[in-house]
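Here the structure is laid out as structure tokens; the discussion comes afterwards.
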Amino acid sequence: MQQTFLGGIRRKLIASFLIVALIPLLLLAFINKQTTEKALTDNARQALSAAAYETTNRIDAFIDGNLNAVRVEAFLPGLARYLSLTPKQRDDSPQMQLAIETLIRLSRKDMLNILSYALLDLNGKNVLDTQTSNIGKDESVENYFKKPLKSGLSFASSMMRSPKIPDLVTIFFSSPVRNAKGDILGVLRVSYNATVVQQLVTRQTERAGVKSFAILLDENNIYLAHSIAPKLLFKSIVPVPLEVVNKLQQKERLPNSYVQKLATNELKLKQALDNNESYLIAPLQATGNQVNLIAIARLKYKPWSVLFAQPLAVALAPVEKQIRHTMFLFAIIASVVTIIAFAIGQLLTKPIIYLTNIVFQFSAGNLDIRAKINSKDEIGQLAKSFNNMALQLQTSLETLEQRVQERTAELVIAKEKAEDVNQKLEQLVNLDGLTQVANRRCFDGKLQAEWKRLAREQQPLSLILFDVDRFKSYNDYYGHLGGDDCLIKIAQTVQQTVYRPADLLARYGGEEFSVLLPNTDLAGAITVAQNIQQVIQDRAIPHPQSDIKDIVTVSLGISSVIPTDEINPDTLIASADKALYKAKQQGRDRYCTHLM
């Protein structure tokens with residue numbers, strides 16, 4: 001009977017000690033696990049998103065830079081003079097020699113990635129090409145020929161597979177070539193090795209996290225780049241309708257293969273892209289259907305998407321290690337508690353009741369309570385052991401709380417760093433790196449926003465386009481560093497003149513700048529243009545190579561309109577561009593206007 005009673009007390013003591021010692025630790029460990037998993041997931045998502053957005057910015061900058069470059073290059077006079085000749089007049093003419101030299105010089109600015117420069121006439125026939133085997137080829141069915149003729153603007157094509165060279169992927173940039181009257185005479189076409197775009201996607205993926213990888217998809221969700229599974233290139237994430245496959249194969253955007261071999265089966269990814277989601281957790285075929293964290297960012301200039309992904313197990317690996325350590329600690333604590341409970345179970349009478357009461361109060365949450373040691377026998381040792389255990393447990397809880405606080409502080413610091421990175425990225429996106437005024441991307445966004453606002457309010461919107469006269473001569477004389485310094489001075493000088501909060505000075509491209517003037521009519525825009533001319537003249541930047549004045553001068557084109565929903569904002573740019581061209585034709589160092 002006494003043994004049964006002692007056995008019952010022993011079992012109860014063991015159970016009590018295990019509950020008191022382990023349940024709080026288990027609860028805290030569970031909370032810590034959930035918090036750590038969430039923090040690791042958030043950190044991984046932020047790193048992936050930052051990498052995705054940084055990559056989209058790089059690709060956008062590459063496309064924007066080449067669009068601006070080919071647009072400016074199409075204005076080179078030698079190209080227009082050649083295309084203005086009849087086919088019979090072109091052969092062996094001085095204009096032909098000048099046009100060839102111009103194309104060769106342009107192609108040498110990036111001998112690694114530029115495949116060819118070409119001139120296409122109004123029928124789409126290749127009349128001059130740095131890759132002479134293409135001369136005479138009919139390119140009239142290509143978008144890079146039709147789009148510039150229709151819109152009058154520069155154009156970037158989709159990435160296409162070369163029909164002649166295996167594994168070569170190309171992207172084309174084109175712009176209309178105009179004569180002095182502004183009539184389109186043909187198209188300037190640049191063929192690029194699209195490997196440069198793929199490298200922008202796949203380089204430095206490890207910066208987004210261990211085992212992270214990057215993907216580039218086009219508007220049909222076809223893989224254009226994949227950092228770990230290049231065999232998926234030019235396959236779609238889900239099967240594409242047969243008629244779409246046929247069209248894409250005709251345009252060399254899909255290989256001629258069985259439809260079943262041209263697609264994977266990433267249904268969750270397709271759904272996320274269709275819903276414009278920026279983040280998801282889903283398995284991917286490239287990682288053996290392993291679950292991945294995926295961040296999605298979209299380009300501005302092309303309907304493409306950049307994905308950065310990382311296996312979920314990699315992101316949460318620290319949690320698994322922490323769980324193993326915790327389970328080992330639990331096993332040690334459980335063993336210690338069981339031994340102590342067996343020792344206490346041997347004692348009866350009052351000391352047990354007293355200790356039971358102490359344990360009861362301790363389990364009730366009074367962690368500061370300790371047993372009085374009235375003897376040096378087993379009961380006294382048990383009381384001492386209990387006191388030691390209580391102290392260790394209290395210390396463990398305090399240590400865990402401290403770790404939670406430290407982790408929370410780390411999360412706050414990580415959030416602040418992420419916000420700082422986002423702010424810097426925003427500045428990089430909207431500011432021109434040289435002149436520190438707004439860049440073309442910022443200008444385009446501002447133009448769209450002001451156009452919608454002023455269309456509702458029926459108020460005028462004016463635009464001034466101006467560039468530095470004879471800037472090439474300035475650059476040749478002072479060097480590129482001197483040219484950069486000149487552009488900085490002009491931007492700083494004009495920035496002080498364009499002082500209204502709503503007005504925007506932006507570097508439009510090269511030595512060309514734009515001034516957007518909301519709620520300003522033509523007369524007000526002329527006043528601003530006169531002020532710009534005056535302050536630049538007052539700045540008196542020496543230009544000994546100019547045939548206009550011995551100081552730097554500018555030519556300005558002005559246009560003004562009351563926006564409506566029926567008019568495209570690009571027409572305002574085209575109108576100001578025509579006025580700028582007119583000012584140059586009339587001798588430069590002046591402004592001209594063009595009414596829409």
Ring centres under 6.0 angstrom apart (Phe173, Tyr192): yes
When you compare the side chain of [Y] with that of [X], does any pair of heavy atoms fall below 4.5 Å?
X      : Y      : result
Leu103 : Leu128 : yes
Asp138 : Lys125 : no
Leu217 : Ile237 : yes

Verdict with reasoning, Glu142 to Lys146, per salt bridge (charged side-chain N to carboxylate O under 4.0 Å, His left out): CA-CA 6 Å; Glu142 304 294 346; Lys146 296 189 290 185; over 6 Å; no
Name of the residue among Asp218, Ile215, Val306 meeting side chain to side chain contact (heavy atoms under 4.5 Å, CB included) with Leu224: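 When side chain to side chain contact (heavy atoms under 4.5 Å, CB included) is applied between Leu224 and each of Asp218, Ile215, Val306, only Asp218 qualifies.
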Test: Lys147 cationic atom under 6.0 Å from Phe172 six-membered ring centre, within 45° of axis: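 Checked: cation-pi criterion not met.
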Strictly below 4.0 Å, N to O, side chains only: are [X] and [Y] in salt-bridge contact?
X      : Y      : answer
Glu266 : Lys270 : no
Asp444 : Arg441 : no
Lys446 : Glu450 : yes
Lys137 : Asp129 : no
Glu73  : Lys109 : yes
Glu512 : Arg71  : yes

Heavy atoms of other groups near Gln436 CD, more than 12 under 6.0 Å: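 Result for CD/Gln436: enclosed.
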Exceeds 12 heavy-atom contacts within 6.0 angstrom, atom NZ of Lys300: yes
Can you give me the closest heavy-atom contact between [X] and [Y], atom names plus distance?
X      : Y      : result
Ile294 : Ala309 : CG1-CB, 4.0 Å
Ile296 : Ser305 : CG2-CB, 4.4 Å
Phe213 : Ser227 : CB-OG, 3.1 Å

Backbone N/O of Gln290 and side chain of Asn292: donor-acceptor pair under 3.5 Å: yes
Distance alone, cut at 3.5 Å: any donor-acceptor contact between the side chains of [X] and [Y]?
X      : Y      : result
Arg440 : Tyr508 : yes
Ser514 : Arg507 : no
Gln131 : Tyr117 : no

For Tyr301, the option from Thr56, Asp60, Asp64 that meets side chain to side chain donor-acceptor pair (under 3.5 Å): Asp64
